[in-house]
Amino acid sequence: LGGFIAELYGYLPELVEYFLTMFSPAETLEFIDYSDKPRPMVVRTNTLKTRRKDLALALMKRGVSLDPLASWSKVGLKIMESPVPIGATPEYLSGHYMLQSAASMCPVLALAPEPKERVLDMSAAPGGKTSYIA
């Protein structure tokens with residue numbers, strides 16, 4: 001079964017076998033299906049330069065369709081559609097936001113750094129979590 005699923009979805013057979021040790025076959029298929037779906041584009045507001053509300057208004061004036069990321073995020077915006085490249089707007093080039101996955105915002109929320117604390121960020125580059133901590 002693992003070999004068939006691996007061939008069907010283009011996964012390594014060892015990885016599918018590992019999934020099957022954790023999940024039932026139906027759950028494994030569901031997990032792989034969801035893993036293969038594209039995640040939404042998300043941007044994180046740089047609150048040192050702007051507010052999420054103001055950023056959302058500026059992007060909507062450029063024709064960007066967006067929504068707040070989730071109730072747990074005060075800085076994230078989920079981009080639904082955009083007629084302009086999100087990584088090349090004047091707001092992006094001015095540092096008002098950065099492209100960052102929702103999952104990359106979670107460690108900072110869990111850390112909950114306080115002012116004057118020192119934090120050593122040992123995560124991978126390019127520094128999105130570090131700038132969020134700041």
Side-chain angles (χ1 to χ4, degrees):
L1 179 64
F4 174 74
I5 294 172
E7 184 70 29
L8 182 65
Y9 286 91
Y11 277 64
L12 292 172
E14 297 84 5
L15 184 59
V16 173
E17 291 299 335
Y18 182 67
F19 292 157
L20 287 167
T21 66
M22 296 186 293
F23 308 121
S24 71
E27 290 170 327
T28 298
L29 288 172
E30 185 178 3
F31 177 78
I32 290 173
D33 278 337
Y34 278 105
S35 295
D36 284 348
K37 290 184 180 176
R39 293 182 310 275
M41 181 182 299
V42 175
V43 300
R44 180 181 52 79
T45 308
N46 179 352
T47 55
L48 298 175
K49 293 196 171 200
T50 190
R51 297 181 310 168
R52 180 174 72 171
K53 177 181 169 182
D54 297 333
L55 175 61
L57 289 173
L59 291 174
M60 286 190 292
K61 284 181 184 175
R62 297 188 186 287
V64 177
S65 173
L66 53 80
D67 284 321
L69 175 60
S71 60
W72 54 263
S73 174
K74 296 178 182 174
V75 296
L77 292 169
K78 184 173 19 174
I79 308 299
M80 310 309 267
E81 283 187 60
S82 177
V84 296
I86 291 298
T89 65
E91 293 81 11
Y92 176 79
L93 297 172
S94 299
H96 289 216
Y97 67 89
M98 70 179 304
L99 299 168
Q100 186 172 24
S101 71
S104 292
M105 296 181 201
C106 293
V108 177
L109 295 174
L111 179 63
E114 296 291 327
K116 306 282 184 189
E117 282 185 330
R118 291 185 182 190
V119 177
L120 175 61
D121 179 5
M122 297 178 66
S123 300
K129 287 181 276 302
T130 302
S131 66
Y132 190 13
I133 290 170

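Quick caveat, the model's predicted, so the values are computed rather than measured.
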Colleague: Which pairs pass salt bridge (Lys or Arg N to Asp or Glu O under 4.0 Å) with one or both residues in residues 71-88, sequence neighbours excluded?
Modeller: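 Sorted result for residues 71-88: empty, none.
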Colleague: Locate the shortest heavy-atom distance separating Glu91 from Ala58; write the atom from each residue and the value.
Modeller: OE2-CB, 3.7 Å
Colleague: Pairs in or reaching into residues 20-42: which pass ring pair (Phe, Tyr, Trp, His ring centres under 6.0 Å), with residues at least two apart or in two chains?
Modeller: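 Qualifying pairs, neighbours excluded: Phe19-Phe31, Phe23-Phe31.
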Colleague: For residues Ala6 and Pro13, report the shortest heavy-atom separation together with the two atoms involved.
Modeller: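 Minimum heavy-atom separation between Ala6 and Pro13: CB-CA, 3.6 Å.
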Colleague: Search all heavy atoms of Pro68 against all heavy atoms of Arg52 and return the closest pair with its distance.
Modeller: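 What the structure gives for the nearest pair is CB-NH1, 3.8 Å.
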Colleague: Can you tell me how far apart CG (Leu20) and CD1 (Ile5) are? Round to the nearest 0.5 Å.
Modeller: 5.0 Å
Colleague: To which residues is Val64 joined in a hydrophobic cluster, defined by side-chain heavy-atom contacts under 4.5 Å among Ile, Leu, Val, Met, Phe, Trp and Tyr, whether direct or through other members?
Modeller: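 Noted: Val64 shares its cluster with Met41, Val43, Leu55, Leu57, Leu59, Met60, Leu66, Leu77, Ile79, Val84, Ile86, Tyr92, Leu93, Tyr97, Leu99.
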Colleague: Specify the closest pair of heavy atoms between Gly63 and Pro83, including all atoms of both residues, with the distance to one decimal.
Modeller: O-CD, 3.2 Å
Colleague: Can Met98 be reached from Leu48 by stepping across I, L, V, M, F, W or Y side chains whose heavy atoms are under 4.5 Å apart?
Modeller: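 In one cluster with Leu48: Met98, no.
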Colleague: Side chains of Val42 and Met105: closer than 4.5 Å at any heavy-atom pair?
Modeller: yes
Colleague: My understanding is that only residues two or more places apart in sequence, or in another chain, count here; which of them pass salt bridge (charged side-chain N to carboxylate O under 4.0 Å, His left out) with Asp54?
Modeller: Arg51
Colleague: Run the side-chain contact (heavy atoms from CB on, under 4.5 Å) test against Leu12 and tell me which residues pass, sequence neighbours left out.
Modeller: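 Listed in chain order: Glu14, Leu15.
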Colleague: Got Arg44 and Ser73 here, is their nearest side-chain heavy-atom distance under 4.5 Å?
Modeller: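 Sidechains of Ser73 and Arg44: no contact.
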Colleague: With Ser104, which residues qualify under side chain to side chain donor-acceptor pair (under 3.5 Å), at least two apart?
Modeller: Ser101
Colleague: I'd like to check the side-chain contact (heavy atoms from CB on, under 4.5 Å) partners of Ser24; sequence neighbours left out, ordered by chain and number.
Modeller: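 Ser24 satisfies side-chain contact (heavy atoms from CB on, under 4.5 Å) with Ala26, Glu27 once adjacent residues are dropped.
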Colleague: Quick one: salt bridge (Lys or Arg N to Asp or Glu O under 4.0 Å) pairs with a partner in residues 94-109, sequence neighbours left out?
Modeller: none
Colleague: Supply the atom-to-atom distance Asn46 CG to Gln100 CD, rounded to the nearest 0.5 angstrom.
Modeller: 11.0 Å
Colleague: For Asp36, which residues count as a side-chain contact (heavy atoms from CB on, under 4.5 Å) partner, sequence neighbours excluded?
Modeller: Tyr9, Tyr11, Ile32
Colleague: Holding to side-chain contact (heavy atoms from CB on, under 4.5 Å), I want the full list of residues that pass it with Ala70, two or more places apart in sequence or in another chain.
Modeller: Trp72
Colleague: Per the ring pair (Phe, Tyr, Trp, His ring centres under 6.0 Å) rule, what does the pair list look like for residues 38-68, sequence neighbours excluded?
Modeller: none
Colleague: Tell me, which pairs form a side-chain hydrogen bond (donor to acceptor under 3.5 Å, both in side chains) where one or both residues lie in residues 107-118, sequence neighbours left out?
Modeller: none
